[in-house]
Amino acid sequence: MIHFDNSYARLPQGFFTRTAPTPVRDPKLVALNLPLAARLGLDPAWLQSPEGLLMLAGNTLPEGAEPIAQAYAGHQFGGFSPQLGDGRAVLLGEVVAPDGARFDIQLKGSGPTPFSRRGDGRAWLGPVLREYLVSEFMAAFGVPTTRALAAVTTGEQVIRETLLPGAVLTRVASSHIRVGTFEFYAARGDRDRLRLLAEHVIARHYPDASGAADLLQRVVEAQAYTISCWMGLGFIHGVMNTDNMSVSGETIDYGPCAFMDGYRPDKVFSSIDAYGRYAWNEQPNIAVWNLAQLASCLVPLMGDSDEAVAEATRIVHSFPALYQREWLRRFAAKLGITSPRDTDRALIERLLGLMAEGQADFTRVFAGLSNGKARDEFLNRDSFDQWAVDWQARIKDLPDAAQVMARANPRRIPRNHRIEEAIAQARDSGDYSPFHLLDAALRDPFTDRPEWDKLALPPQPDEVVQRTFCGT
Ligand code: AMP
Ligand code: MG
């Protein structure tokens, strides 16, 4: 039993199509996120029951669900697509958690919708497991993100380059409204729906925002925070199209995402990102580019005058300073410093420069600062030693430096080769034990346990993953 309250489905015609999920042949539960179920106020026993499974597979609709596919547009790699929308996902509805927070419950991979174009509306197991693992790691680390409530296999095969097992992910988000949702109405000159959408987003995400300009400012702030979190983890989203940028600030759409092992600022994994548009060190610039698209959508609601354009521009241009502040806080914390000074920026940049020289392992360097093992990761250890003298001098009078570092630096991240291993075992042998081991270890990124040690190791040369795929 789920108590739905579907505010998006109450918006007028034109925001979505009413589309039910398509039932699947033989659903089986792969993973159920009980802590998240508790957070949402959902009954864990019911979710684990046969009826719960049928809902998670899209085979039956729970009472109160009003399944819809949301309309959106988006700039993909810089080019505008006026009509994208949920082509392989259906929003079942919204639940209000015991603390009053509202969450979308969406099935991803649930079958075709009017927005599917030539796609099959399905997902294969690989991207479902990847999103489950990575989004839950992000949540455990405190990064704003969509969540994964469940993964089920469908008992059906999907056709990609080969036949692959189909799966459905139950995704939970504070909403699925994207920059591209605004672009959908702006591109059509539909000012009434644009205004309704802005009002809906303000009520839902930024209730004390006073209008469209304020809304834009809040989204800029939320994104500055989120992107700084990504950078601090060596995370590369991989496909920062405007349809994959949430106005809530949550990280969304874990298609070809990856964490870097060795530090390379211009690192790219995605097979379709030929020019490095979405490289690790480009992400703050791309966020500004995307926010500029949102700004031009909102100008009509801000008076549509030269002054409105100037104000929107000023708000977008507030991103770099906000981002730099968050970046400094985050990286300073990684060195044990809670109240950073401007001079700390140079200390951080110096360390990153040394890391880049030999592509030192991003995660192990920072985790290793706590236990004296960081030095081993460097090519030029003398330079590191000199840096460490200055760093020690900076933190020697900070009593909480050790605890600050311990909370700022994960012991392990979702390494690409471990994700690939978990997916391959599940796909080829139906063996989910590597997936479950990784899931448990990533939910607890600050604890060491002997059985998790190997998950912290960088890939051996033959394990290195060079490319990731959207996996649609
Ligand atoms: P994404 O790469 O996940 O951001 O998706 C971009 C667009 O393609 C969205 O409108 C998706 O709904 C659509 N899409 C991706 N894969 C499929 C699929 N297998 N079937 C239908 N639509 C899809
Ligand atoms: Mg997407």
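Every number for a ligand or one of its atoms is a count from 1 in the order of the listing.
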For [Y] together with [X], are the ring centres under 6.0 Å from each other?
X      : Y      : value
Tyr72  : Phe184 : no
His200 : Tyr8   : yes
Tyr132 : Phe435 : yes
Trp230 : Tyr225 : no

What are the atoms of ligand 1, with element, lying closer than 4.0 Å to any heavy atom of [X]?
X      : result
Arg160 : 19 (N)
Asp243 : 4 (O)
Tyr72  : 9 (C), 10 (O)
Asn244 : 4 (O)
Ser116 : 21 (C), 22 (N)

Would [X] and [Y] count as having a side-chain donor-acceptor pair, cut-off 3.5 Å?
X      : Y      : result
Tyr185 : Asp192 : no
Glu250 : Ser174 : yes
Glu66  : Asn6   : yes
Ser175 : His205 : yes
Ser318 : Gln217 : yes
Thr242 : Glu183 : yes
Tyr254 : Thr146 : no

Any N/O of Arg88 closer than 3.5 Å to an N/O of ligand 1? yes
Check [X] against ligand 1 and report side chain, backbone, both or neither, counting heavy atoms closer than 4.0 Å.
X      : value
Phe115 : neither
Asp253 : side chain
Arg117 : side chain

Option whose closest heavy atom lies nearest to atom 10 (O) of ligand 1, chosen from Gly255, Gly85, Gly111, Gly87: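 Going through Gly255, Gly85, Gly111, Gly87 one by one, Gly85 has the nearest heavy atom to atom 10 (O) of ligand 1.
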Looking only at non-hydrogen atoms, the one of Ala89, Ala69, Ala123, Gly121 nearest atom 18 (C) of ligand 1 is Gly121
Suppose the cut-off is 2.8 Å; which protein N/O/S atoms would you list for the Mg ion (ligand 2)?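 Asn244 OD1, Asp253 OD2, with waters left out.
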